[in-house]
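Order of the sequence lines sets the chain letters (A, B, ...), proteins ahead of strands, with each chain counted from 1.
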Amino acid sequence: MEAFIVLLSLFALAVFLGVELITKVPPTLHTPLMSGSNAISGITIVGAILAAGSGDESSTVVPLLGFVAIVFATINVVAGFMVTNRMLKMFKRRG
Amino acid sequence: MNSIMINLFYLLAALLFVMGIKGLTRPKTAVRGNRLAALGMLLAIVITLLDRQVIHYEIVFAGLAVGTLIGVLMAIKVQMTSMPQMVAILNGLGGGASLGVAAASYFSVLASGTELSGVTLVIAKSAIMLAVLIGAVTFSGSAVAFGKLQEVLPGQVIGFSGMKFINLGLLLASVAVIFLLVNNQLGSGGFLLLVGLALLLGGTLVMPIGGADMPVVIALLNAYSGIAAAAAGFIMGNNVLIISGALVGASGLILTKIMCVAMNRSLLNVLFGKMVASDGPTIDAD
């Protein structure tokens, strides 16, 4: 229970931080910002690695789900950051 | 590596994400912001691989290799004009990954007859069910958004005025199933029912929204995928997942609002036509 309260505090503080981080964003940066933070939400890859890597051998479902989760999250992370970078480079050349 | 070191490195990764998001809000620092966030992600992944809990490296490395290959190919091949669709797919995959993590946790809790008990077990189960609900809504919602942008699905407003009642009904049914699952009154059949209901809800939520409003919807779904990651963090008791998920969830909601203002639309109008109804699913998660 105590551990949960600590985690809940982290969650609440991070929510407020997230709100404060985004203030004025120029419209040209809306899509890159969305794409970049989407790549960050791929952090669930950490959960996927833990789920797949520490899965018990008693079932085949758990490692399989873990594997699929890792593949999905990796695509999200790798393509997310690369695509954001491509978008930002294009803006630079234009402006 | 011991858990203290791991958690300290996770904290560093979370700080890099904060700096990354901050950087991405200004034209001058945007490129650097993106790189800082990517560095934070790399750090988080490497540190997780060093965690003593990770035993089966074959599956992990196979997944990372397959995902990297597909991700690099997608990022190189995609046209600049198809960026909104691209973000929609990636976002859906993120939600799908959280769904996968939650489902894996559900089945391993069932199989191993967990040592958790009392309140801790209820919290763990609730976190699993919330991650399933939000992850699945993100997954199918993003898929429909992609379909509309790619013009696989018709872009115009589909549906009828009673659509929001269907959405509300699906949401209430999902919450009821979650309640029964947490109270052990339903087994894995109920779990699959929840997955099905949530996937359907994601589809019916996005289906009635017109193609022109899709960027706003994707921004909102992006916020959901952050919240799903945070819920997965509560399952695993993992601080970096909770912090980054909450950051993306909150900043995503604010960005959604900013985008609505820029497009001169109100968020409620985008989501529900002109009708004002309760906000989307489970923003109040945890």
Contact winner vs chain B - [options], heavy-atom pairs under 4.5 Å:
options                            : result
A:Val83, A:Leu65, A:Ile75, A:Ile70 : A:Ile75
A:Leu17, A:Thr28, A:Val68          : A:Leu17
A:Val19, A:Val46, A:Val15, A:Leu10 : A:Val46
A:Val77, A:Thr31, A:Leu7, A:Val25  : A:Leu7

Under a 4.5 Å cutoff for heavy-atom pairs, which residue among [options] has the most contacts with chain A?
options                             : result
B:Thr256, B:Val18, B:Asn34, B:Ile89 : B:Asn34
B:Met41, B:Arg52, B:Arg26           : B:Met41
B:Leu49, B:Leu64, B:Asn238          : B:Leu64
B:Gly33, B:Ala37, B:Gly100          : B:Ala37
B:Gly20, B:Gly40, B:Ala38           : B:Ala38

Please tell me if the side chains of [X] and [Y] come closer than 4.5 Å, counting only heavy atoms from C-beta onward.
X       : Y        : answer
A:Ile43 : B:Val240 : yes
A:Ile40 : B:Leu247 : no
A:Val78 : B:Val72  : yes
A:Leu21 : B:Ile254 : no
A:Pro26 : B:Pro27  : yes

Does the side chain of A:Ser37 pick up a donor-acceptor pair with the side chain of B:Ser251 at under 3.5 Å?
no

Rounded to the nearest 0.5 Å, what's the gap from [atom1] on [X] to [atom2] on [Y]? Could you check?
X        : Y        : atom1 : atom2 : answer
A:Leu33  : B:Leu255 : CG    : CG    : 5.0 Å
B:Met74  : A:Asn76  : CE    : CG    : 9.5 Å
A:Leu50  : B:Ile235 : CG    : CD1   : 11.5 Å
A:His30  : B:Thr25  : NE2   : OG1   : 10.5 Å
B:Phe234 : A:Phe4   : CZ    : CZ    : 5.5 Å
A:Phe11  : B:Ile227 : CZ    : CD1   : 6.5 Å

Report which part of A:Ala3 has an atom under 4.5 Å of a heavy atom belonging to chain B: side chain, backbone, both, or neither.
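When you check distances to chain B, no heavy atom of A:Ala3 falls under 4.5 Å.
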
Look only at the side chain of B:Arg35 and the backbone of A:Asn85, and say whether a donor-acceptor pair between them is shorter than 3.5 Å.
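Here the side-chain-to-backbone pair does not exist.
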
Would you say B:Asn222's side chain and A:Ser35's backbone share a donor-acceptor pair under 3.5 angstrom?
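The answer is no, because no donor-acceptor pair under 3.5 Å joins these two groups.
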
Heavy-atom distances under 4.5 Å only: say whether [X] touches chain A with side chain, backbone, both or neither.
X        : result
B:Tyr57  : neither
B:Ala30  : both
B:Ala13  : neither
B:Met86  : side chain
B:Phe139 : side chain
B:Ser105 : neither
B:Val119 : side chain
B:Ile123 : side chain
B:Pro215 : backbone
B:Ile76  : both
B:Ala262 : side chain
B:Asp51  : side chain
B:Met80  : both

What is the minimum heavy-atom distance between [X] and [Y], and which atoms define it?
X       : Y        : value
A:Val62 : B:Ala104 : CG2-O, 3.8 Å
B:Leu24 : A:Pro32  : CD2-O, 4.4 Å
B:Ile59 : A:Pro63  : CD1-CB, 3.5 Å
B:Val66 : A:Phe67  : CG2-CZ, 4.4 Å
B:Ala75 : A:Arg86  : O-NH1, 2.6 Å
A:Ser41 : B:Ser225 : OG-OG, 3.1 Å

More than 12 heavy atoms of other groups within 6.0 Å of B:Arg265 CZ
yes

Check B:Ile218, B:Leu221, B:Val248, B:Asn91 against A:Asn38 for a side-chain contact (heavy atoms from CB on, under 4.5 Å) and give me the one that passes.
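Of B:Ile218, B:Leu221, B:Val248, B:Asn91, side-chain contact (heavy atoms from CB on, under 4.5 Å) with A:Asn38 is met by B:Asn91 alone.
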
